[in-house]
Colleague: 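Could you have a look at this structure, given as structure tokens, before my questions?
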Number of protein chains: 2
Amino acid sequence: MNIKLLPEDWINEAFAMLAEGGVDSIKIEVLAKRLNVTKGGFYWHFKNRGDLLERMLEHWCQRRIETIRGQVARETDPVATLNYLLGLYTDQTNPRGNAIELAVRSWARQSEAAAATIAVVDRERLAAVAGLFRSLGCADAEAEARAYLFYSYCFGQSLLAVGHQDELDQIRLLCGRLLVTDSAHK
Amino acid sequence: MNIKLLPEDWINEAFAMLAEGGVDSIKIEVLAKRLNVTKGGFYWHFKNRGDLLERMLEHWCQRRIETIRGQVARETDPVATLNYLLGLYTDQTNPRGNAIELAVRSWARQSEAAAATIAVVDRERLAAVAGLFRSLGCADAEAEARAYLFYSYCFGQSLLAVGHQDELDQIRLLCGRLLVTDSAHK
DNA sequence: GAGCGACTATACGATAACGTATAGTCGCTC
DNA sequence: GAGCGACTATACGTTATCGTATAGTCGCTC
């Protein structure tokens with residue numbers, strides 16, 4: 001009756017659970033129930049829970065790298081690209097992606113494998129953004145520092161729980177200026 | 001034979017577990033074992049697991065507020081204070097405090113109570129740091145934005161997993177300049 | 001040294017999760 | 001329409017954890 005579930009489907013739903021409650025909240029039977037099947041199916045596709053987690057990391061790593069490469073490759077205006085990237089983390093339009101990002105990073109604090117994965121992704125993203133800053137005329141060291149600050153801000157910001165929306169919008173606008181626009185005026 | 005355990009002791013050890021593995025890793029029996037007693041004692045001091053978690057939040061909230069107030073009250077040179085605060089998060093000297101900070105924030109994503117707690121702490125800290133920036137001559141809006149950027153950087157930075165130590169030191173030095181020193185030259 | 005308050009130790013029942021085993025179903029091909 | 005590969009459903013054993021109950025111990029006071 002139902003269309004067959006692919007490993008992708010399990011992984012996707014597992015990411016939803018990850019976003020909602022962290023790695024530890026990924027329970028196989030709960031996951032199966034959310035997909036309206038029983039856990040028997042899970043063990044067809046996956047060796048065990050660890051296998052799922054591994055494949056989630058691979059999946060996430062690949063997508064993140066594809067995405068950042070795509071975004072920078074298509075770049076014409078570095079400032080616009082930086083502002084766009086910034087928006088990915090500050091906009092309320094992508095709460096899920098944001099939650100996943102944080103959850104994976106939280107996961108990395110307990111798991112070597114996850115830590116290794118985010119290290120790969122971070123290197124890629126920092127290199128990409130540092131490149132943008134260089135094309136705005138920053139020297140190598142400053143470009144790297146600005147990239148580092150840039151991503152720290154992106155992630156750290158989702159950890160701060162303050163302010164009302166309009167107030168926040170104002171603050172973030174100014175932050176964007178400090179992070180991006182200022183670097184071009186030199 | 002053993003000196004009696006106070007609720008504080010339980011809470012402290014629970015924070016250690018929190019730092020190591022997140023809220024979900026706080027298991028009562030494991031906690032008791034780490035204190036070399038059995039869980040019977042736990043239920044003498046605490047109504048149940050939720051009670052422990054609540055009291056941990058209260059404890060954390062109080063300490064964080066005391067700390068930030070103390071640090072700012074004793075202030076003579078705002079730049080030095082800002083750099084000192086920055087150091088608290090970047091130095092490797094306080095990995096535990098850092099880990100707790102992140103773990104509590106991660107916890108806040110699953111729990112209303114934790115979210116409310118960090119909101120209180122964040123408000124306090126942002127107000128304190130914004131005050132420092134104002135005393136460096138920043139206008140209100142800019143001071144708030146800089147404070148927001150400042151703390152986002154602090155937390156976000158512990159989420160980034162890249163670079164070797166010497167490289168990182170260099171980057172962080174520059175970030176400190178972008179965040180703090182620059183704001184004074186206006 | 002009896003008794004009490006503040007605990008700790010042990011044992012228990014309940015639930016939830018993991019992973020396995022086994023039997024069933026469904027859709028496709030031949 | 002038989003058979004096969006790709007799954008799903010059900011049932012099971014095991015372990016971890018929660019919370020409770022109950023009995024013990026320890027140190028102090030009177």
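Order of the sequence lines fixes the chain letters, A, B, ..., with proteins taken first and strands second; residue numbering starts at 1 for each chain.
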Colleague: State which of C:dC7, C:dC18, D:dT17 makes the closest approach to the side chain of B:W44.
Modeller: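 Taking heavy atoms from C-beta onward, the closest nucleotide is C:dC7.
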Colleague: For the atom pair SG (B:C154) and CG (B:L88), what is the distance rounded to the nearest 0.5 Å?
Modeller: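 Separation between the atoms: 8.5 Å.
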Colleague: Round to the nearest Å and state the distance from B:L6 atom CG to C:dC7 atom C1'.
Modeller: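 Answer to the nearest Å: 11 Å.
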Colleague: Among D:dT8, C:dG19, D:dC18, find the nucleotide with the atom closest to the side chain of A:Y43.
Modeller: C:dG19
Colleague: Closest approach to the side chain of A:K39, judged atom by atom: which nucleotide of D:dA11, D:dT8, D:dG19 is it?
Modeller: D:dA11
Colleague: Under 4.0 Å between a side-chain nitrogen and a carboxylate oxygen: does that hold for A:E142 and A:R146?
Modeller: yes
Colleague: Provide, to the nearest angstrom, the distance between the CG atom belonging to A:L31 and the C1' atom belonging to D:dT8.
Modeller: 15 Å
Colleague: Checking contacts here: which listed nucleotide (C:dC7, C:dC18, D:dT10) is nearest the side-chain heavy atoms of A:T38?
Modeller: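 That would be D:dT10.
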Colleague: Can you check the B:H45 NE2 to C:dA9 C1' distance for me, whole Å?
Modeller: 14 Å
Colleague: Measure the distance from CZ on A:F42 to P on C:dG19 and round it to the nearest whole Å.
Modeller: 7 Å
Colleague: Pull out every stem in DNA chain C, meaning runs of 3 or more consecutive Watson-Crick or G-U wobble pairs with both distances under 3.5 Å.
Modeller: C:1-30 with D:1-30
Colleague: Report the distance from atom NZ of A:K33 to atom P of C:dC18, rounded to the nearest whole Å.
Modeller: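 These atoms are roughly 12 Å apart.
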Colleague: Quick one: do A:Q170 and A:D166 satisfy side chain to side chain donor-acceptor pair (under 3.5 Å)? Show the steps, please.
Modeller: CA-CA 6 Å; A:Q170 162 77 358; A:D166 42 348; over 6 Å; no
Colleague: With a 4.5 Å limit on heavy-atom distance, are the side chains of A:R172 and A:Q157 in contact?
Modeller: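 They are in contact (side-chain heavy atoms under 4.5 Å apart), so the answer is yes.
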Colleague: Let me confirm one number: the CG-CG distance from B:L149 to A:L178, rounded to the nearest 0.5 Å.
Modeller: 6.0 Å
Colleague: Check for me, please, whether B:F155 and B:Y84 land in the same ILVMFWY cluster - side-chain distances under 4.5 Å, paths through other members count.
Modeller: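 Same cluster.
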Colleague: Is there a side-chain contact between A:L35 and A:F42, using heavy atoms and a 4.5 Å cut-off?
Modeller: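 SC-SC contact between A:L35 and A:F42 ruled out.
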Colleague: Side-chain donor-acceptor contacts of residues 110-130 of chain A below 3.5 Å, not counting sequence neighbours, with atom names and distances?
Modeller:
residue : atom : partner : partner atom : Å
A:S111  : OG   : A:A113  : N            : 3.2
A:S111  : OG   : A:A114  : N            : 2.9
A:T117  : OG1  : A:A113  : O            : 2.9
A:D122  : OD1  : A:R105  : NH1          : 3.2
A:D122  : OD1  : A:R105  : NH2          : 2.7
A:D122  : OD2  : A:R105  : NH1          : 3.1
A:D122  : OD2  : B:A161  : N            : 3.1
A:E124  : OE1  : A:R69   : NH2          : 3.3
A:E124  : OE2  : A:R69   : NE           : 2.7
A:E124  : OE2  : A:R69   : NH2          : 2.9
A:R125  : NH1  : A:Y89   : OH           : 3.1
A:R125  : NH2  : A:E101  : OE1          : 2.9
A:R125  : NH2  : A:E101  : OE2          : 2.5

Colleague: Could you list by number each residue of residues 7-29 of chain A showing a heavy-atom separation from DNA chain C of less than 4.0 Å, or answer none if no residue does?
Modeller: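 When residues 7-29 of chain A is checked for heavy atoms under 4.0 Å from DNA chain C, the hits, listed by number, are A:I26, A:K27, A:I28, A:E29.
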Colleague: My understanding is that only residues two or more places apart in sequence, or in another chain, count here; which of them pass side chain to side chain donor-acceptor pair (under 3.5 Å) with A:R96?
Modeller: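 So A:R96 forms no side chain to side chain donor-acceptor pair (under 3.5 Å) with any residue.
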Colleague: Just to be sure I understand the geometry, which residues of residues 46-58 of chain B put a non-hydrogen atom under 4.0 Å away from DNA chain D?
Modeller: B:N48, B:R49
Colleague: Would you say A:L173 and A:I171 are hydrophobically clustered, going by side-chain heavy atoms of ILVMFWY under 4.5 Å?
Modeller: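 Different clusters.
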Colleague: Without placing hydrogens or testing angles, list every side-chain donor-acceptor pair under 3.5 Å for residues 6-24 of chain B, not counting sequence neighbours.
Modeller:
residue : atom : partner : partner atom : Å
B:D9    : OD2  : B:L6    : N            : 2.7
B:E13   : OE2  : B:R34   : NE           : 2.8
B:E13   : OE2  : B:R34   : NH2          : 3.0
B:E20   : OE1  : B:R34   : NH1          : 3.0
B:E20   : OE2  : B:R34   : NH2          : 3.1

